[in-house]
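In what follows, a structure is listed as structure tokens, so that the remarks can point back to it.
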Number of protein chains: 2
Amino acid sequence: MPVSSAPESGYCIGIDIGGTKCAVIAGNRNGEVVMRLERATVDGLATWPDAGETLAVMVESVCKQLEIAPTILYSIGISCGGPLDSKTGTILNPPNLPGWVNVSLQAFFSGRFGVRRVYIENDANATALAEHRWGAGIGCDNLAYLTCGTGIGAGIILGGQLYRGKGDLAGEIGHAVIIPDGPLCLCGKRGCLEALASGSSIGRIASQELGIPGLTGKDVFNLVKTGNELAATVVSKAAFHLGIGIANLLQTLNLDRVIIGSLASYAGEKYLDEVREAVRANTWKSIFEGTKIIPSGLGKGTQDLAALAVALPIED
Amino acid sequence: MPVSSAPESGYCIGIDIGGTKCAVIAGNRNGEVVMRLERATVDGLATWPDAGETLAVMVESVCKQLEIAPTILYSIGISCGGPLDSKTGTILNPPNLPGWVNVSLQAFFSGRFGVRRVYIENDANATALAEHRWGAGIGCDNLAYLTCGTGIGAGIILGGQLYRGKGDLAGEIGHAVIIPDGPLCLCGKRGCLEALASGSSIGRIASQELGIPGLTGKDVFNLVKTGNELAATVVSKAAFHLGIGIANLLQTLNLDRVIIGSLASYAGEKYLDEVREAVRANTWKSIFEGTKIIPSGLGKGTQDLAALAVALPIED
């Protein structure tokens, strides 16, 4: 286990809460991860208040191994699915965690450990913070980080600050409309970006086109690598639609950089080039040329660093 | 002529530069207009450097009537069509002013009058500043002001500050794509919001549908008032497309308020309701319910106040 050079009070805890697994990460303010515990969400984390007790014990266990008291932690940052209220540190009613409703994690951890700095952000915002601080967005004032996995969402940093919007719902561009009255989206609307270009949608559309049930986005990209032309057409259409979504984002925000996560990490350069070409064709030249569209710079530990970045808001 | 109660050094000058006319407005820091000169752009203002001399004489004339020297002006703010560089105070190559190319108004007015604070913004940004300060956006941290006249553009205020983007091109949502491969836009792209929903586009589309050449947006709204059903259909479609554009803006920025200028001032409440209904149908409930979509609050003097607002950036 690596030992940090930071003073004990410099430790932060990041908590990554997902529908499948939860992780507690200890790190220092330079983004160095020094300890990590993971647990399946079904294992004592599926419903509140049990989940709180489980998380608290995980935090205590990490602190014990670091030989510090939880009370001297610098901060705790939580990354989880929305909707949530970052002002009060409350998880509202996340679809991926049906057993957690109106859970104030800020109140819980402040009460339990007396830690004053407890922050919470949705996972796209959390990853945008991490990319800005340690990844593909270093030194960049205006950027969007796009998750393109099961769903599509963005974390938006403007003027060097996370932009959350009125109700922590900024960046929900997966549900911007790309094709009016287009295919039905899981959200109930039609023609949303997510229904056309997410990993899950690529799998679903390819399943229909190829007559192979249950394909995932990764499956489809693997089929493309084997030379399957139908799969390649599905991917190209998805890249085109993602490109329009990014083009519209750029016409709105004239960003320096768009960082694409999830899909982009295994889709390869050809897919990214197709996305870039669609952006070029659907934006102004002056806007397109001012922007870089690049894959995530954080690699495998992305979610850990995302949670840790929440513990260290830019304002620090 | 009303006389301001502000001290002489509290005077600001706003300059509104348009393709048809230019105005020089004197006001105080409370947004009270105390003096105004206007001149047709063809009259000594169509080409630089003549236009600089003409503007300077207009400023001198206003100052003379106010019995102050231009050198003690608090600031000068210029509102004009883009593209421009707000950092250097330079007009680049505006399509509505072909005789002005790479004109540094900041350098010109600083040199001519020794005024240190010379600012320049595009007209949508300038109007957003004025709405935020004195109009329909008072007290609102996150808003967009949409011009919907000849073209469509937005000025975006986030966290109480004007958001300009990397190259002063934020807010160019008139050229977000609403219908992929849709009708050709004047910008060369296809399916842009502006090609579907601007006043000019409403006129052009109605001219085709009704077989009446040369209709303007205002003409079409007047036809609707007389009960013309074809005209009403054209307007409803345009309202639907504008609604999608606003819906996508809201999914991206989760704004408190969207203020609609130009069209909305003469289109009436039915049109605005059609726009709102399209926004409702194409956004998340939680995002829609957090937002007000309202007409401009500034009335006839909007452009004057926009120029004056540029002279008084929010940062003051």
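Basis for what follows: all heavy atoms, side chains included, without hydrogens, waters or symmetry-related copies.
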* Flag if over 12 foreign heavy atoms under 6.0 Å of CG, B/Leu272 ->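 Check passes, neighbour count above 12.
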Just wondering, do [Y] and [X] contact through their side chains at under 4.5 Å, heavy atoms?
{"X": "B/Ile178", "Y": "A/Asn248", "answer": "no"}
{"X": "B/Asp181", "Y": "A/Phe240", "answer": "yes"}
{"X": "B/Gln161", "Y": "A/Gln161", "answer": "no"}

* Asked: Between NZ of A/Lys166 and SG of B/Cys140, what distance do you get to the nearest 0.5 Å?
  ->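 One finds 7.5 Å between NZ of A/Lys166 and SG of B/Cys140.
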So what's closer than 4.5 Å to chain B heavy atoms on [X]: side chain, backbone, both or neither?
{"X": "A/Ile287", "answer": "both"}
{"X": "A/Asp141", "answer": "neither"}
{"X": "A/Leu249", "answer": "side chain"}
{"X": "A/Ala144", "answer": "neither"}
{"X": "A/Ser286", "answer": "both"}
{"X": "A/Ile173", "answer": "both"}

Given the options [options], which has more heavy-atom pairs under 4.5 Å with chain A than any of the others?
{"options": "B/Gly153, B/Ala170, B/Gly290", "value": "B/Ala170"}
{"options": "B/Leu158, B/Ile156, B/Ile244, B/Val177", "value": "B/Val177"}
{"options": "B/Ala281, B/Pro83, B/Pro180", "value": "B/Pro180"}

* Asked: Out of A/Leu193, A/Thr283, A/Ile179, A/Leu255, which one racks up the most heavy-atom pairs below 4.5 Å with chain B?
  ->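 It is A/Thr283.
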* Asked: Between A/Leu250, A/Asn142, A/Asp256, A/Asn254, which has the largest tally of heavy atom pairs under 4.5 Å with chain B?
  ->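 Highest number of heavy-atom pairs under 4.5 Å: A/Asn254.
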* Taking all heavy atoms of A/Trp284 and all of B/Leu169, pick out the closest pair and write down the distance. =>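 Shortest heavy-atom contact: CZ3-CD2, 4.3 Å.
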* Is a side-chain donor or acceptor of A/Glu172 paired with a backbone partner of B/Gln251 at a separation under 3.5 angstrom? ->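 It does not hold such a pair.
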